[in-house]
Amino acid sequence: MVTFLFTLHFLARYLHIVCATALVGGTLFYEMVVPVAIDELRPEQQLIVFARARWVFKWIVWAAAVMIILSGIVYTTEHWKQYASDQYNRPELPPGMTTTMPREIPPGSRPGWWWVAHISTGTIAVLIALSLTTGPVPPARPIRWMRLNLMLLLLVMFLGSTARQARISELQRPPNPQPAPESAPQ
Amino acid sequence: MAWLIILSRWVHVVSACVALGGVFFVRIVLRGGARLLAPDVRDIVQLRIRRTFKMVIHSTILLLLLSGSFNSYIAWNKYQLNPMLMHPLWGTHLLLALIAIAIALYLLAGKTPRPSNRKWLTLNLIVLLAAVAAASTLKWARDTASSNPPGATP
């Protein structure tokens with residue numbers, strides 16, 4: 001069971017990054033590199049390149065979206081205790097310490113808040129990516145939408161990095177010392 | 001300092017996304033996109049994409065090296081918590097990344113693509129995926145070691 005969970009968590013972490021890579025890198029190239037490369041072609045040739053690339057990219061976006069959501073759920077489950085609490089008790093105590101006082105985490109350092117920001121903007125970005133590649137024809141002004149989505153994806157990654165930093169900082173913070181027991185009256 | 005660490009990690013991840021996603025896009029998506037074009041037009045499109053790709057990849061390599069050096073410097077003390085596990089992982093990640101950079105520089109040198117461009121791109125994609133796997137495992141090992149420092153277990 002432990003081996004299974006380890007493998008699952010490891011795979012989730014790896015897939016989350018690789019799928020984000022496919023989504024962000026693909027969007028950046030679709031939005032920034034391809035239009036520059038084909039701007040001297042005739043309009044019908046430009047349409048052929050865009051339409052074919054969109055057809056291939058559609059499957060990548062769908063696969064990446066499904067894998068990102070699934071791996072995100074596994075990743076969240078792994079760290080749920082830290083995301084769900086606004087107080088933190090160190091699970092394992094240094095030698096000689098028997099207990100710690102619960103300590104309230106300041107709002108800006110709460111991993112849960114950054115996690116909520118990460119998944120809410122991430123959901124919007126994935127939905128935009130899916131809507132841009134679904135359907136027989138692209139929406140009006142697809143490049144602008146892609147640009148907006150790229151900005152959003154970069155923000156999502158920033159929020160993910162911050163959530164992780166907040167989580168690690170809380171783990172590394174030294175525990176509150178146990179209050180000294182009051183001496184018994186003589 | 002925390003913001004600098006977050007910024008550096010973000011730059012590293014975004015640069016890796018651009019590099020890996022770019023190789024993936026050029027190798028897989030764009031081949032499908034340009035397949036229906038006439039061969040001469042396809043060559044023109046591929047040359048123009050290569051030119052832009054070169055600028056993107058060169059900037060990405062610079063950012064990856066800078067942010068990677070800073071991230072390693074910041075995390076170096078944590079690598080000492082379990083050197084038997086983390087140093088080989090760090091070394092593997094670095095080695096694979098340097099191989100990928102060398103392949104990218106070799107592929108993008110000169111004004112025309114190499115004859116075996118496709119094979120090299122595929123190899124680079126695999127090396128980059130392996131580098132991400134090594135980095136991901138290193139991150140797991142670092143997080144585990146940080147949350148359970150030696151002597152903390154009761």
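Cluster membership check: B/Val11 does not share its hydrophobic cluster with B/Leu64, using side-chain heavy-atom separations under 4.5 Å among Ile, Leu, Val, Met, Phe, Trp and Tyr.
Listed for the A/Tyr14 side chain is no donor-acceptor partner under 3.5 Å among the backbone atoms of B/Thr137. Side chain of B/Trp10 to main chain of A/Leu154: a donor-acceptor pair is present (N/O by atom type, distance under 3.5 Å, no hydrogens or angles).
Smallest separation of non-hydrogen atoms from B/Ala16 and A/Thr21: O-CG2, 4.1 Å. The two residues B/Val29 and A/Ala53 make their nearest non-hydrogen contact at CG1-O, 3.6 Å.
Top candidate by heavy-atom pairs under 4.5 Å with chain B, chosen from A/Gly26, A/Ala166, A/Ala22, is A/Gly26. Note: B/Lys139 leads B/Lys139, B/Met55, B/Arg50 in heavy-atom pairs under 4.5 Å with chain A. Between chain B and the options A/Met157, A/His16, A/His9, A/Arg164, the largest number of non-hydrogen pairs under 4.5 Å is found for A/Arg164.
At a threshold of 4.5 Å between non-hydrogen side-chain atoms, the residues B/Arg48 and A/Asp39 count as touching. A heavy-atom distance below 4.5 Å is found between the side chains of A/Arg13 and B/Trp140. Contact of the B/Val45 side chain with the A/Leu41 side chain is registered, since non-hydrogen atoms from C-beta on lie closer than 4.5 Å.
The contact between B/Ile49 and chain A is made by backbone and side chain atoms together, counting heavy-atom distances below 4.5 Å. Looking at B/Val23, neither its backbone nor its side chain comes within 4.5 Å of chain A, counting heavy atoms on both sides. Contacts of A/Ile48 with chain B are made by both backbone and side-chain atoms, with heavy-atom separations under 4.5 Å. In this structure, chain B has heavy atoms under 4.5 Å from both the backbone and the side chain of A/Tyr30. Within the 4.5 angstrom heavy-atom criterion, atoms from both the backbone and the side chain of B/Leu129 approach chain A. For a residue to count as touching a neighbouring chain, one of its non-hydrogen atoms must lie under 4.5 Å from one of that chain's; by this rule A/Ile60 touches chain B with the side chain only. Both the backbone and the side chain of B/Ala133 come within less than 4.5 Å of a heavy atom of chain A.
Ring geometry for B/Phe25 against A/Phe57 counts as perpendicular: the plane angle is over 60°, on a 0 to 90° scale with 30° as the lower cut.
Heavy-atom contacts from other residues, nucleotides or ligands closer than 6.0 Å to CH2 of B/Trp76 number more than 12. Residue-environment remark: CZ (A/Arg144) stays at or below the threshold of 12 foreign heavy atoms within 6.0 Å.
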